[in-house]
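Comments concern the structure below.
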Amino acid sequence: MRRRSPTSVPSEQMEKGTGKSQNTRICFLASLSVFFWMLLLYFHFVVLGGSTVDQSVKLQLQAGPVYTELKPTRVTSDPQKENQNTESKPIHVTSDHQMDNQNTVSAPIRLTDDHQVDNQNTESTPTVVAPAAHQTESPAKAIQIHEAEKYPFMKALRTAENKNDPCGGRYIYVHDLPPRFNEDMLKECRSLSLWTNMCKFTTNAGLGPPLENAEGVFGDTGWYATNQFAVDRPEWGIMGGKDHFLVAGRITWDFRRLSEEDSDWGNKLLFLPAAKNMSMLVVESSPWNANDFGIPYPTYFHPAKDADVFIWQERMRRLKRDWLFSFAGAPRPGNPKSIRGQIIDQCRNSKVGKLLECDFGESKCHSPSSIMQMFQSSLFCLQPQGDSYTRRSAFDSMLAGCIPVFFHPGSAYTQYTWHLPKDYTKYSVFIPENDIRKRNVSIEETLRRIPPEQVKKMREEVIKLIPSLVYADPRSKLGVFKDAFDVSVQAIINKVTKLRMDILEGRTDDNFIEENSWKYALLEEGQREVGPHEWDPFFSKPKDGEGDSADTKLRMFNIDKQPNPSSLSEFIFLCSILCMQTPSSPSPKNFFEFLTYIVQLHPQGVTSSSFATKPSWHLSFLQQTMSSEEDASSRLLYSYHSAMEGFAAQLSESELASLQMLPDVIAIRPDHRLQIHTTYSYKFLGLNTASSDGAWHKSAFGRGTIIGVLDTGVWPESPSFNDRGMPPVPRKWRGICQEGQNFNSSNCNKKLIGARFFTEGHRVASVSSYSPDAGHEYVSPRDSHGHGTHTSSTAGGASVGMASVFGNAAGVARGMAPGAHVAVYKVCWLNGCYSSDILAAMDVAIRDGVDILSLSLGGFPIPLFDDSIAIGSFRAVEHGISVVCAAGNGGPIQSSVANEAPWIATIGASTLDRRFPGIVQMGNGKYLYGESMYPGNHLMRAGKALELVYVTGENSGSEYCFRGSLPRAIVRGKIVVCDRGVNGRAEKGEVVKEAGGAAMILANTEINLEENSVDVHLLPATLIGFKESVHLKAYINSTRRPTARIVFGGTVIGKSRAPAVAQFSARGPSYSNPSILKPDVIAPGVNIIAAWPQNLGPTGLPEDSRRVNFTIMSGTSMACPHASGIAALLRSAHPKWSPAAIKSAVMTTAEVTDRSGKPIMDGDKPAGVFAIGAGHVNPERAIDPGLIYDIRPEEYVTHLCSLGYTKSEILTITHRNVSCREILQMNRGFNLNYPSISVTFKHGMRSKMIKRRVTNVGSPNSIYSLELMAPKEVKVKVKPQRLIFTDINQSLSYRVWFISRKRAGTAKMSFAQGQLTWVNSKNSLNRVKSPFSVTWK
């Protein structure tokens, strides 16, 4: 579904001090006035009168259950489709925030939480019928229900109890408003404002034009010149208020005109009797009225994924802030109550205050980069009132990690209670206006008195708030974070549910005083009465007859820079709630109040001795916090014993608070949702069946080793899991073959020795996001997605001859360790992978007896004590299990690497030298190189060139080939150019095919550069790089009828430089631990061919009816199982090696040059250590590394102590209760014995010494000599320079001194890199390389 582009189009200026008349727009406003009053008459007499136009919904009280077929009205964003006759269809609306402008008309809309887009056209709306009661009710309860039946929303209660209806209790209906709202806005965008052309703010789905990051102030993606009043979120139109609600991208005063003069500012919408029954979502609300609610002003940041948010948060944490406080704004000399003049004076007179003045022409206040740069350099940002209570600046400053200083409680505390903590002292400073006005308080002195530790906590609280204050890019999705939209939706749900519960339980608000509305917003849960408040003087101004402060007139009429909202251009949807979920259990708590948490307990808990089993001990914690009326076991999801001591459970906020107070509870973490991140690659890596001295023969192809794969499951019938020639199942194996849907114990064999599935975390998180059209999901280990089948066969798949993808890349398919056993743990489902399920799988896998754990999944970098994978993997390593994880696909952004714990092997992605040419021959005779795996190596239409079309300017995402964005009349029979990004690559081809296009050219954008991940498209298609796309578009613009043809070239091997770093592969340095160089290595991850389920086509699209045994995929998800398989080979060859030894062998033997002997490339430059780590994996050399860097588990604990982790954090991560003080006293000058080295010079530091220890695993009587490559900025000394070993398993140490040649404070953060290598004097193949990085801060 596509979301309609926002239509709010006010001025782009941050603030202006002078006003301008609106009289020149009188004709335009008059033309809308008739429509305006017709709308209000419709709203008042038809909607609130009790029925819709089609009379299908009756709101009057009635006795008995409701059996009404519900046919709501239509929502559409396409005026051309207004008159099409189509059936009523259910629409699945998700928090991806996109609306379907396909042929959908009157439609029930189901709420979800999972940020996924449902583009399917579904059948006609089913009749909703209340189910019969399934149990005998008590007489008292029966009477209560009978009494309640008179309410029409009882249908929600009945449908909510229907377990067969996943949408039960959550049907919401949207009233149709004519498309003229949007049409007039778009047609008149140049004249809506006298001072600003608003057309540019309608681009990019209403986010505005992208902001350039020339000064490095913003992030690399997600930043747009969004107008401060551009909040148009049609999704709110399906959530409802009391009976109805409107979404407005304006401040409330625009709809509260006090006079009867039409020439005065604003309109009287919110004073009309009908409007008093609804809720208005506005960017600034009134403290004296109950029918409006404040939502954040839009900022410039619109993240497309969780990693964008996290990376921005971490960047704000690390910034050096030179100014104590700052202010951006102009004085208000015409307003005697304004304190701006005094604030500006204090800024000018302070040596630690920064002022950005806004009253001189084209000031920097109109430059987003100037504003954000100032906020980023300040500890505190002053936020006095603007023309009204609040300024957009308040939210921009918090986005910059700057602690806001407010002077009036109405600026934030009383109106943004959905998005900001009620305890304002946690994130802000409050200085009353009068203290400034009377000049008896110094802002500088007030702020200096706050202790530095308190400032640090406040800034961290502000940074944590960032996700809930920004609006995500409507064309993409967030997974873990909830943006401002999500928070508001949840608040509306809670508000409506509370209202319904009050009605059912007979509670009334007879004592409610509307002019005290601001006080009610501050009440805690359960409170209903208000009294005197310390802020009464701020809001106790004289009122006129309409219930607003007389001072409001001044505020409203001073806002003269914006277009008059009487045009009604700022609000779009009018909605009624007919059925909203209400609790069906005796508990008054809403379902949405329960969230899943992972509760970690002390491994030697003092209370555990009272219980016979661990599960009963875990259950006791819930029994102590929950109501005695409820069965505690119904909320317990998992009990953990091996990966962690603790459990996962569903908890309310109050239960969470109670649980945190209990003894033996050491940490509680919310359940996070993570995401999943070959016929030739084994040959590319040098593995050869014919070599008797190679890694495969030395390791017996990995025989006896068990690889545990955590992923989306497995397709057991794939030939890659045939057990012909496999040895018996190892005796140590204690796992099972768990039966489930379309999966039984006979699906396991000597290759696939175990399979389990973990669904509890997914199940409870997905109750409200289930989609019947999301695709079939097997509740069993069987793979519905394909990702798990692909990764597990890459790691340990059997040999399969004649493997190919429609004839492309033909050959013998083998996993990296074809003799290893595979155990599959299904933890990922169609909407993601939940950390509670992942931890449960790791917990079981440790007990099952796996040797390798392979996790091609993850999120973004987070602290180790919050990272369930890091915590579970530490326990696995303690049990001798190697844990291999994908680095993530966040590249090429710096510090995007995930799964960065030092005991995890973190794998980035590289390319192969295999290509699939799909050459574009343009009509001007020039050629563009592209790649494609489209079936068939023939010219299209016997080589005939076709017309070329690139559809832009429709403001519908046509350049990205979104669903419904391509006009059939324009693209039929032509080659369509689609920009890469936002939606899936294969999906774009499907969209082109559905629209009648003959072929597609997929064009990389500047983000993807020349990266070439290919797909098995549904139509002739090819992917071209960014440089080629520039030439292609230039050609299209140079001629009236551009033409092209695509020439497919089959499979080509050995003609290109490889390996190279994949563009998407996540980069270091590590966020949580810069002392460790991550990623560790890179491995093949681009265009990897491996096994595929028979229930999916090679593209994975539901519409793809083709079936194959193998398909092609790209990602660090594909690189990870390559390294996992190599680790299995090493484990088989050296069964006594520790996980650290195995990782060391892989790292120290990795290659830093490509097959041509030249440096591995990262785009157009040589790859650095933050891209490749130690280099590209070489299994043939890793099997015999000569020396290893070994690490014992207790050394990781010492490492955490040396980094400053607290005792409780280390207990959380390692389950070890230690004294860091004692450990560090015993290990002075400790350095973790890691195979790579990372050095940081801080604050004028000039030198640093690093110690390492190597163990001889090669031949006795070996001598290793040093080879050193050091950067010119650093002098490096190593002692000794020769290591003489007399025995096998002998260990020797060496020291490295790094001496900076840079002058202190001469530069900002910078990096350098080098390498030290120990070379065996008798066997030059034993070259033990250790890369090092040097950072100056």
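Here the structure is a predicted model, which means the values were calculated and not measured. Only heavy atoms go into these numbers, but all of them, side chains included; no hydrogens, no water, no symmetry mates.
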Exercise for the section: Answer yes or no: is there a side-chain heavy-atom contact under 4.5 Å between Phe325 and Val405? Expected result: no
Handout entry: Sidechain-backbone polar pair: Gln415 side chain, Ala412 backbone, donor-acceptor under 3.5 Å
Key = no
Handout entry: Flag side-chain contact, heavy atom, 4.5 Å: Leu595 against Asp671
Key = no
Practice task
Quick one: closest heavy-atom pair of Ser393 and Phe375, and the distance?
Solution key: OG-CZ, 3.3 Å
Practice task
Return the orientation label for the Tyr389 and Trp288 ring planes: parallel under 30°, perpendicular over 60°, tilted otherwise.
Solution key: tilted
Practice task
For the pair Lys426 and Met458, evaluate side-chain contact (heavy atoms from CB on, under 4.5 Å) and give the outcome as yes or no after the intermediate values.
Solution key: CA-CA 6 Å; Lys426 288 184 176 181; Met458 294 170 72; over 6 Å; no
Problem - Under-4.0 Å salt bridge between Glu314 and Arg317 - result: yes
Practice task
Mind checking the CE-CZ spacing from Met316 to Arg318? Nearest 0.5 Å is all I need.
Solution key: 11.5 Å
Problem - Derivation of the side-chain contact (heavy atoms from CB on, under 4.5 Å) call for Tyr297 and Thr390 - result: CA-CA 9 Å; Tyr297 277 82; Thr390 312; 4.2 Å; yes
Problem - Test item: Gln313 side-chain N/O and Ile463 main-chain N/O as donor-acceptor pair under 3.5 Å - result: yes
Fill in the blank from the handout: Scanning both residues in full, the closest heavy-atom pair of Pro384 with Arg340 reads CG-CG, 4.3 Å
Exercise for the section: Given side-chain contact (heavy atoms from CB on, under 4.5 Å), test Trp323 with Met374 step by step and report yes or no. Expected result: CA-CA 9 Å; Trp323 300 102; Met374 183 187 72; 5.8 Å; no
Problem - Contact summary for Tyr300 and Asp396, nearest pair of heavy atoms - result: CE1-OD2, 3.8 Å
Practice task
Mind checking the CG-NZ spacing from Leu469 to Lys464? Nearest 0.5 Å is all I need.
Solution key: 14.5 Å
Handout entry: Nearest heavy-atom neighbours spanning Ser350 and Gly353
Key = OG-N, 3.2 Å
Practice task
Please examine the side chains of Lys482 and Pro467, heavy atoms only from C-beta on, and report whether any two atoms are closer than 4.5 Å.
Solution key: no
Practice task
Kindly indicate whether the side chain of Leu356, heavy atoms from C-beta on, has any atom under 4.5 Å from the side chain of Phe327.
Solution key: no
Exercise for the section: For the pair Ser896 (side chain) and Ile893 (backbone), establish whether a donor and an acceptor sit closer than 3.5 Å, ignoring hydrogens and angles. Expected result: yes
Problem - Student check: side-chain heavy atoms of Ser428 and Met398 closer than 4.5 Å - result: no
Practice task
Under the side-chain contact (heavy atoms from CB on, under 4.5 Å) rule, what do Lys354 and Leu324 come out as? Steps first, then yes or no, please.
Solution key: CA-CA 8 Å; Lys354 173 70 173 175; Leu324 177 64; over 6 Å; no
Problem - Salt-bridge present (Lys457, Glu453; N to O < 4.0 Å) - result: no
Exercise for the section: Answer yes or no: is there a side-chain heavy-atom contact under 4.5 Å between Gln346 and Glu444? Expected result: no
Completion exercise
Tested for side chain to side chain contact (heavy atoms under 4.5 Å, CB included) against Val462, the lone hit among Pro404, Cys402, Ser397 is Pro404
Practice task
Step by step, work out the side chain to side chain donor-acceptor pair (under 3.5 Å) result for Ser338 and Gln385.
Solution key: CA-CA 8 Å; Ser338 174; Gln385 298 184 72; over 6 Å; no
Handout entry: Validation row, ring centre Tyr416 to ring centre Phe293 under 6.0 Å
Key = no
Handout entry: Backbone N/O of Cys381 and side chain of Ser378: donor-acceptor pair under 3.5 Å
Key = no
Practice task
With rounding to the nearest 0.5 Å, note down the distance linking OG in Ser285 to CH2 in Trp418.
Solution key: 9.5 Å
Practice task
Without swapping roles, check the side chain of Asp308 against the backbone of Ala304 for a donor-acceptor pair under 3.5 Å.
Solution key: yes
Problem - Closest approach of Leu355 to Cys347 (non-hydrogen atoms, all atoms of both residues) - result: CB-CB, 4.0 Å
Exercise for the section: Enter the distance from Ile666:CD1 to Ser1208:OG here, rounded to the nearest 0.5 Å. Expected result: 8.5 Å
Problem - Side-chain (Trp312) to main-chain (Ala400) donor-acceptor, under 3.5 angstrom - result: no
Exercise for the section: Search all heavy atoms of Glu461 against all heavy atoms of Pro421 and return the closest pair with its distance. Expected result: OE2-CG, 4.1 Å
Handout entry: Partner of Ile436 under side chain to side chain contact (heavy atoms under 4.5 Å, CB included), chosen from Asp345, Ile339, Leu382
Key = Ile339
Problem - Side-chain touch Ile251/Val282, heavy atoms, less than 4.5 angstrom - result: no
Exercise for the section: Nearest 0.5 Å please: distance from the CZ atom of Phe865 over to the OG1 atom of Thr1212. Expected result: 8.5 Å
Problem - Side-chain heavy atoms of Phe407 within contact of Pro432, under 4.5 Å - result: no
Problem - Heavy-atom donor-acceptor pair, His302 side chain to Val470 backbone, under 3.5 Å - result: no
Handout entry: CG-CZ distance between Leu399 and Arg392, expressed to the nearest 0.5 angstrom
Key = 9.5 Å
Practice task
Keeping the roles fixed (side chain from Asp486, backbone from Asp483), state whether a donor-acceptor pair exists under 3.5 Å.
Solution key: yes
Practice task
Give a yes or no answer on whether the side chain of Thr417 reaches the backbone of Thr414 with a donor-acceptor pair at less than 3.5 Å.
Solution key: no
Exercise for the section: Classify the angle between the aromatic ring planes of Tyr413 and Phe430 as parallel (below 30°), tilted (30 to 60°) or perpendicular (above 60°). Expected result: perpendicular
Exercise for the section: Please determine if Arg321 forms a cation-pi arrangement with Phe380, meaning its NZ or CZ atom is less than 6.0 Å from the six-membered ring centre and no more than 45° off the ring axis. Expected result: no
